[in-house]
Amino acid sequence: QDNTFKIGLILPMTGQQASTGRQVEAAAKLYMAQHGDTVAGKKVQLIVKDDTGLPDVAKRLAQELVVNDKVNVLAGFGLTPIALAVAPIATQSKTPAITMAAATSAITQASPYMLRSSFTLPQAAVAMGDWAPKNGIKSVVTLVADYGPGNDAEKFFAERFELNGGKVIEKLRVPLRNPDFAPFLQKVRDAKPDALFVFVPSGAGAAVMKQFLERGMDKAGIKMIGTGDVTDDDQLNDMGDGALGVVTSHHYSTAHPSAMNKKFVADFEAANKNMRPNFMAVGGYDGMRIIYEALKTTKGQGGGDALLAAMKGQVFESPRGPVLIDAQTRDITQDIYLRKVEKKDGQLWNIEFDVIKAVKDPGKSK
Amino acid sequence: MSELLRIENLSAGYGEAVVLHDVGLALGEGQTLALLGRNGTGKTTLINTLAGATRQHGGSITLGGAALHKLSPHLRAAAGIGWVPQERNIFKSLTVHENLTAVERPGRWNPQRVYEMFPRLAERKGNLGTQLSGGEQQMLAVGRALVLNPTLLLLDEPLEGLAPIIVEELLRAIRRITRDEGLAAIIVEQHPQAILAISDEAVVLDHGTVVHADHAASLQAQPEVLERLLGVGR
Amino acid sequence: MDFRQPLLQKARWRPWEYALWVVAFALPLLVPSHALMINEIAIVALFAMSLDLILGYTGIVSLGHAAFFGFGAYAAALFAKHVMPDPTIGLVVAIALSAALGAVASVTILRGSDLTRLMVTLGTALLLLELANKLDWLTGGADGLQGVVMGPVLGVFDFDLFGRTAAWYSLSVLLLLFLLMRRLVHSPFGATLKAIRDNRLRAMAIGIPVVSRLAVIYTVAAAVAGGAGALLAQTTGFASLDVLAFDRSADVVLMLVIGGVGWLYGGIAGAIVFKLLQDTLSTVTPQYWMFWIGLILVLLVLVGRDRLLKPWTWFGARKAVKP
Amino acid sequence: MSDIVLSATGLVMRFGGITATNNVTLNLRRGARHALIGPNGAGKTTLINLLTGVLTPTEGRIVLEGEDITWLAPHRRVARGMVRTFQINQLFDSMTPLETLALVVSQHSGVGAQWWRPLGSSTAVAERAGQLLEQFRLADVAWQQTRHLAYGKRRLLEIAIALACEPRVLLLDEPVAGVPAGEREELLETVAALPADVSVLLIEHDMDLVFSFADRMTVLVNGTLLTEGDPDTIANDPKVKEVYLGHGAAHV
Amino acid sequence: MLTILFDGIAYGMLLFVLAVGLAVTLGLMNFINLAHGAFAMAGGYLTVFAMQKLGVPFLLCLPLAFLVVGAAGALLERTLYRPMYGKSHLDQVLFSIGLAFMAVAAVDYFVGSSQQNIHLPEWLRGRTEIGDGALLLGMGHYRIFIIAVCTLLTVVLQLILSKTRFGSRLRAAVDDPRVAAGLGINVNVVFLLTFAVGSGLAGLGGALGAEILGLDPTFPLKYMVYFLIVVSVGGTSSITGPLLAALLLGVADVAGKYFIPKMGAFTVYLLMILILMWRPQGLFTRKGGK
Ligand SMILES: Nc1ncnc2c1ncn2[C@@H]1O[C@H](COP(=O)(O)OP(=O)(O)OP(=O)(O)O)[C@@H](O)[C@H]1O
Ligand SMILES: Nc1ncnc2c1ncn2[C@@H]1O[C@H](COP(=O)(O)OP(=O)(O)OP(=O)(O)O)[C@@H](O)[C@H]1O
Ligand SMILES: [Mg+2]
Ligand SMILES: [Mg+2]
């Protein structure tokens with residue numbers, strides 16, 4: 001009993017966001033397989049719970065994990081409201097909580113025990129806002145899914161883009177469950193911008209891409225740019241050649257050319273057939289790393305506060321590149337890459353061609 | 001005249017409940033049988049059993065030499081049963097015309113002839129079943145059974161709700177059809193007098209068993225028996 | 001012959017009912033580790049019962065009952081955040097507001113077939129959801145409404161991390177509203193609802209004001225659903241868009257039908273069965289629990305609710321034939 | 001003129017192309033035993049539907065006890081004492097006859113909207129319901145679900161419901177259809193025995209019953225009023241014979 | 001402008017193919033089959049696999065999806081669905097949503113939860129534009145194809161229902177199965193055929209729609225609401241009703257989102273509620289149907 005170290009992983013395993021849960025869980029398990037399940041003399045145990053996408057369920061699960069299972073760390077959280085719902089539990093019970101997937105800026109401010117191993121949308125969006133004007137894109141229409149992350153992406157991209165002298169002609173928001181993108185894309189086409197900036201949840205990316213091509217928008221001289229969610233590595237291969245040439249900004253690509261990443265990808269694919277690790281997976285993987293290292297540092301002694309202290313300020317090499325857990329904001333500071341979809345060995349990849357170093361979450365700086 | 005219908009040792013009912021016990025009767029071709037009895041004695045149940053709409057527990061039914069009780073309901077129509085259910089059960093989402101054509105089988109009777117017999121229906125051809133007046137629904141139910149071109153017509157209180165003048169006509173028509181076209185019929189009625197006059201045979205049910213079977217004419221001549229069996233003597 | 005006793009028989013409390021409630025209130029003590037689950041079940045049971053008022057007793061199908069649940073949740077959360085943190089007052093306010101919304105929305109369900117009602121109610125809930133999404137300055141939009149701090153219940157009992165206060169609070173509200181609803185369904189008023197369900201034409205022809213009865217019961221159901229939503233918001237300390245979502249409405253219909261409609265305890269039974277199943281299955285197989293829930297639903301209908309719950313009838317001899 | 005309880009003037013009802021009621025005027029006297037006859041599809045049921053508010057007339061006016069009720073909601077007409085039965089049974093299938101009658105009686109003794117006391121808590125209500133059950137021979141099936149009753153019993157319940165409403169004006173649409181010959185008279189006698197100031201309008205195709213019951217008759221044909229008069233005049237009217245009664249002796 | 005109209009029509013037509021099977025089972029058979037989307041999903045996955053693994057050409061996949069899913073529907077009808085007809089609507093909801101849940105989880109288990117993509121043949125991928133300025137009409141070839149298939153389908157279905165007795169026999173069997181059987185209608189066969197065709201149509205719809213709507217295991221639940229909207233607004237007594245409703249909704253949705261994107265999904269829901277309150281039986285019911 002005393003010798004176990006429990007991690008409560010709250011993830012969406014069914015429903016719309018199921019693939020997020022799948023990636024994070026697979027990566028977390030991979031990390032444990034690679035690094036063993038005994039750390040500082042403690043046996044690490046992973047308890048996975050399906051939050052079904054409901055914050056109240058997630059909150060109850062978190063509460064039960066803390067009270068009944070006595071977990072040492074909470075982690076996971078596929079959606080912003082879920083992370084926010086769990087935050088008070090983390091505070092009350094002094095349990096460190098690691099957001100491995102959700103990407104709104106505000107999450108880490110909701111509790112002093114909340115850290116992040118994923119990314120924030122502003123990080124990615126701002127990078128694109130810097131890159132685009134320098135590369136011949138002067139006017140843009142934004143098209144984002146109408147929910148938290150989408151609104152964040154729109155806001156931060158547009159601000160930075162206009163600051164750099166670009167012009168946002170129109171801001172479109174599409175409902176989350178939108179069956180047909182035709183009217184929005186037609187509107188974009190009629191507005192004739194240099195590029196279309198897209199943020200939609202990963203599943204819908206393919207649909208947008210297809211209809212973008214079908215509408216002949218590339219031929220009309222409109223480029224497609226966005227944050228990395230649109231060209232999700234997990235889906236990319238299925239999107240077909242239409243995706244070629246799409247430029248996105250993101251913190252992780254499966255094709256990231258580092259030895260560490262190569263091993264990560266190879267091991268991941270070996271353990272999970274038909275799955276490519278995407279940015280969700282790397283969030284889960286690094287989250288586990290943070291927990292393991294904190295456990296080593298504290299030698300299994302001390303409670304949540306000790307763990308938290310050991311988590312803050314970690315600097316390490318991730319499959320995505322160098323990262324730092326900012327001790328002050330508990331948020332992640334990382335490199336953001338600009339990538340272009342290219343074909344290699346008959347498969348599509350997000351190939352990185354530019355990098356903006358050590359990007360802090362811009363949401364915090366204001 | 002050869003035998004058309006023979007029922008032996010029939011017991012039937014609904015679900016687990018048995019309503020008819022050991023019922024037996026026989027009917028010749030082109031004959032008309034009046035089925036009488038107080039309320040709730042099982043007249044409708046007997047008619048429905050012939051049509052295959054109840055649960056049969058035992059006994060046999062032969063129609064023209066074929067074992068009717070072995071057939072599933074929809075095949076009984078092909079075997080020659082034409083059913084007018086007590087509650088008429090007009091198909092409510094079909095028009096009058098569709099009610100007829102949906103079940104029609106080739107033979108002497110077709111919708112056209114039904115319209116000739118009930119001109120009222122011809123005027124309402126395009127109306128939905130539920131938009132008919134009570135009497136019109138009754139006419140349609142009879143017409144619907146006729147276009148099946150049956151050899152045995154089962155009429156469960158067919159006169160209910162019809163205007164006297166139509167009742168007269170219908171009785172005459174039934175008489176004519178049975179005589180000229182060789183159709184046999186079983187008619188359930190609340191008015192024994194009206195129906196005995198056009199029937200050949202009569203059967204009285206009580207508590208699910210046959211308590212009296214006779215020629216219609218002789219039963220009609222014995223008002224005291226009617227009084228005893230049915231509680232009406234007129 | 002005395003016809004009064006048999007009429008009153010139905011409304012009488014049975015011994016097992018007392019036992020049930022005693023056990024329910026003892027549960028947070030008996031299994032303190034599951035107090036949160038008990039709280040959640042009490043809330044959805046109340047929600048399911050409110051649906052039963054319109055679905056089971058009046059025959060109005062609704063796939064949008066979450067509209068009121070969610071409205072109550074937001075009302076309670078906003079009240080606590082902006083006006084005062086007292087839970088009981090917040091609850092009453094939320095119930096009153098939900099009732100008002102129900103009264104307005106009742107115009108949509110007065111006419112039409114099952115399918116029409118299904119869609120109109122669904123549409124109403126979806127509209128409300130969109131609205132809550134758009135009004136993000138008020139509701140927090142997709143991120144949910146944060147920063148709700150609840151005061152102690154009755155000024156004495158603080159909400160604890162173990163969820164015991166929450167469980168007792170919700171159970172008490174459940175019992176209170178249950179008592180009212182139980183009265184209602186056994187009264188002449190309740191009987192007129194069943195009459196409307198069975199045969200609207202005849203109900204009108206014996207002088208029942210059908211339209212106003214429908215409006216009243218829809219309002220009551222909305223109020224109770226709003227109360228359930230308020231409990232959720234108060235005991236979890238936040239409200240987010242999913243309280244209005246389609247899945248909420250669909251789940252509560254499932255629960256109610258599992259437990260049996262037209263029987264207030266059906267809501268409770270369904271809530272218990274559904275939530276426990278979901279919880280156990282999703283612990284055992286987080287990815288594929290839906291399959292097993294689906295299978296159970298299918299079996300439930302195929303085998304029959306009664307037979308499934310009474311295994312001894314599976315092999316028993318057929319009932320003796322009565323003459 | 002206050003002798004007229006219910007009066008309909010110039011009623012017209014069209015269904016699409018069909019004119020089911022064509023300029024019908026009908027007056028019902030207080031305490032009348034009035035019969036409405038006519039061929040199938042003449043518009044009798046439609047007329048009742050208009051009077052009770054199930055349908056709203058295309059044209060015309062309906063006055064009950066001196067008050068225009070043409071636009072009044074159906075349930076309010078019931079509250080004013082106008083009650084009907086249906087040609088096709090309209091019952092509350094999931095309730096028992098006892099519950100049904102208790103409900104109807106409650107509704108009419110003004111406690112229909114009461115929600116805090118159980119149905120039947122009022123002794124008067126339970127007694128009246130029991131009385132009706134006995135009167136209509138439903139006492140032995142009082143606890144069975146209505147949906148499982150035999151047709152004849154359902155028919156009796158249909159009429160019992162109407163009487164439970166304490167009608168001042170009673171409209172009966174073929175009340176005895178499906179009731180066996182022996183019991184028909186008895187049933188109509190129950191109706192005839194209603195207090196003398198209750199007015200009854202009866203639709204029926206069984207001429208024996210109609211002539212023994214009615215003191216006045218109206219004949220409707222094709223939606224139009226053919227004639228009105230006392231039973232003898234009607235019985236001997238050649239037009240009525242031609243379109244409705246027939247000449248034969250099918251009904252003795 | 002014209003392009004928007006065109007896109008709306010194509011979208012409406014697509015909704016129609018997806019919902020028409022439901023209109024058949026729900027409208028004509030009065031059976032609430034919430035697993036309808038699962039049949040559509042089956043058609044979609046079948047197409048993806050036939051194309052990717054077996055190299056079957058897309059055009060051939062469509063009839064294949066119809067037939068295979070139809071056959072599966074027939075099998076399920078015989079084994080599972082038949083006892084459901086007599087049950088209450090609520091039991092039907094419970095049962096069919098249970099099936100949908102099982103389908104969702106099963107597909108997830110066997111195929112995985114990620115989005116599947118259909119790779120259309122080249123000739124369906126292009127786009128034709130005529131006119132210019134306000135009258136510019138841009139037509140995606142795939143959308144033209146959808147419109148063509150749907151038109152054909154509508155005509156065929158309409159002919160079957162109006163020119164044969166099948167339609168009226170079916171409705172008779174639904175109205176009163178006991179009496180219909182007693183009057184010589186083989187109720188079981190009628191239902192079996194109808195159900196098979198209904199699920200076949202769903203399969204076809206899924207195959208056609210996967211390209212535009214996307215395809216993942218949550219498909220049956222995600223779009224169920226849309227199917228129900230089409231059927232309820234269209235009324236359940238004919239084929240043309242849902243068609244017109246689908247077109248109306250398609251055009252309204254597309255136009256609404258184009259001209260007032262802020263309204264988002266409001267347009268469709270509001271339209272539906274207003275229509276249903278105005279005509280509770282649906283916009284296009286059989287005349288006189290009460
Ligand atoms: N669907 C049913 N389920 C169970 N019992 C039934 C059903 N229908 C009828 N019965 C019972 O069967 C018995 C016979 O009913 P049936 O309808 O055959 O009588 P009937 O002679 O036709 O009466 P009526 O003159 O009223 O039409 C009655 O006691 C009735 O209660
Ligand atoms: N909703 C409707 N739509 C169209 N036509 C209708 C509708 N209701 C009734 N009708 C027609 O109006 C006419 C009058 O019907 P009504 O039911 O009043 O006749 P009735 O005099 O009661 O006849 P019966 O003696 O047969 O009951 C009938 O021809 C009927 O077809
Ligand atoms: Mg009978
Ligand atoms: Mg009539």
Side-chain angles (χ1 to χ4, degrees), chain A residues 12-23 143 146 170-190 201-211 213-217 219-220 232 234-243 272-276 278, chain E residues 1 3-4 6-8 10-12 14-15 18 48 52 101 104-105 108 111-120 124-129 136 138 140-143 209-218 221-223 225-226 250 253-259 261-266 268:
Chain A
M13 302 302 290
T14 51
Q16 297 278 307
Q17 309 294 328
S19 66
T20 301
R22 234 47 81 70
Q23 288 271 354
L143 185 140
D146 192 2
E170 178 134 27
K171 296 176 182 171
L172 299 174
R173 290 186 180 180
V174 303
L176 244 191
R177 292 183 184 187
N178 190 55
D180 186 7
F181 291 97
F184 298 107
L185 290 175
Q186 185 62 33
K187 202 155 177 80
V188 174
R189 210 192 140 147
D190 294 348
S202 57
V208 176
M209 198 102 57
K210 271 186 183 174
Q211 297 193 16
L213 291 176
E214 190 223 270
R215 214 149 280 274
M217 305 189 36
K219 298 199 184 76
D232 185 346
D234 194 19
Q235 308 268 321
L236 188 57
N237 247 332
D238 267 346
M239 292 186 189
D241 292 352
N272 304 280
K273 274 181 76 172
N274 293 331
M275 255 166 102
R276 251 193 205 180
N278 65 3
Chain E
M1 222 56 31
T3 309
I4 284 301
F6 172 83
D7 283 337
Y11 175 46
L14 183 63
L15 283 183
L18 278 162
V48 169
Q52 285 178 1
F101 281 178
V104 168
D108 196 347
V111 192
S113 64
S114 60
Q115 192 87 20
Q116 300 291 325
N117 291 289
I118 286 180
H119 299 289
L120 290 179
L124 277 176
R125 275 198 238 164
R127 182 178 175 84
T128 305
E129 302 202 341
L136 176 86
H141 290 170
Y142 190 63
R143 287 178 191 246
E211 163 74 10
I212 290 185
L213 302 180
L215 188 63
D216 64 68
T218 58
L221 303 176
K222 195 157 47 169
Y223 294 115
V225 172
Y226 281 86
D253 192 30
V254 170
K257 284 176 178 160
Y258 181 83
F259 290 110
K262 290 243 157 15
M263 290 280 284
F266 266 119
V268 175

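Only a predicted model underlies this, so the values are computations on that prediction, with no experimental measurement involved. Letters go in sequence order (proteins before strands), and every chain restarts at 1.
- Per-residue heavy-atom pair counts under 4.5 Å with chain A were compared for Leu14(E), Thr218(E), Thr3(E), Val254(E), and the maximum is reached by Val254(E).
- You'll find the side chain of Lys257(E) stays beyond 4.5 Å of the side chain of Lys187(A), heavy atoms only.
- For the options His119(E), Glu211(E), Gln52(E), Arg143(E), heavy-atom pairs under 4.5 Å to chain A are most numerous at Arg143(E).
- Looking at Asp190(A), the atoms closer than 4.5 Å to chain E (heavy atoms on both sides) all sit in the side chain, from C-beta outward.
- Using modelled atom types, no side-chain atom of Arg173(A) and backbone atom of Leu143(A) make a donor-acceptor pair closer than 3.5 Å.
- Arg215(A) touches chain E through backbone and side chain together, each having a heavy atom under 4.5 Å away.
- Contact tally against chain E (heavy-atom pairs below 4.5 Å) for Ala18(A), Ala182(A), Ala207(A): the top residue is Ala182(A).
- Looking at Gln211(A), only its side chain comes within 4.5 Å of chain E, counting heavy atoms on both sides.
- Taking 4.5 Å as the limit, every side-chain heavy atom of Leu18(E) sits out of range of all side-chain heavy atoms of Tyr226(E).
- Most heavy-atom pairs under 4.5 Å with chain A: of the set Ile212(E), Leu213(E), Asp216(E), this distinction falls to Ile212(E).
- With contacts defined as side-chain heavy-atom distances shorter than 4.5 Å, the pair Glu214(A)/Leu120(E) does not qualify.
- Contacts between Ile4(E) and chain A at a heavy-atom distance below 4.5 Å involve the side chain alone, from C-beta outward.
- In this structure the side chain of Tyr223(E) never reaches within 4.5 angstrom of the side chain of Leu15(E), judged on heavy atoms.
- At a threshold of 4.5 Å between non-hydrogen side-chain atoms, the residues Leu236(A) and Arg276(A) count as touching.
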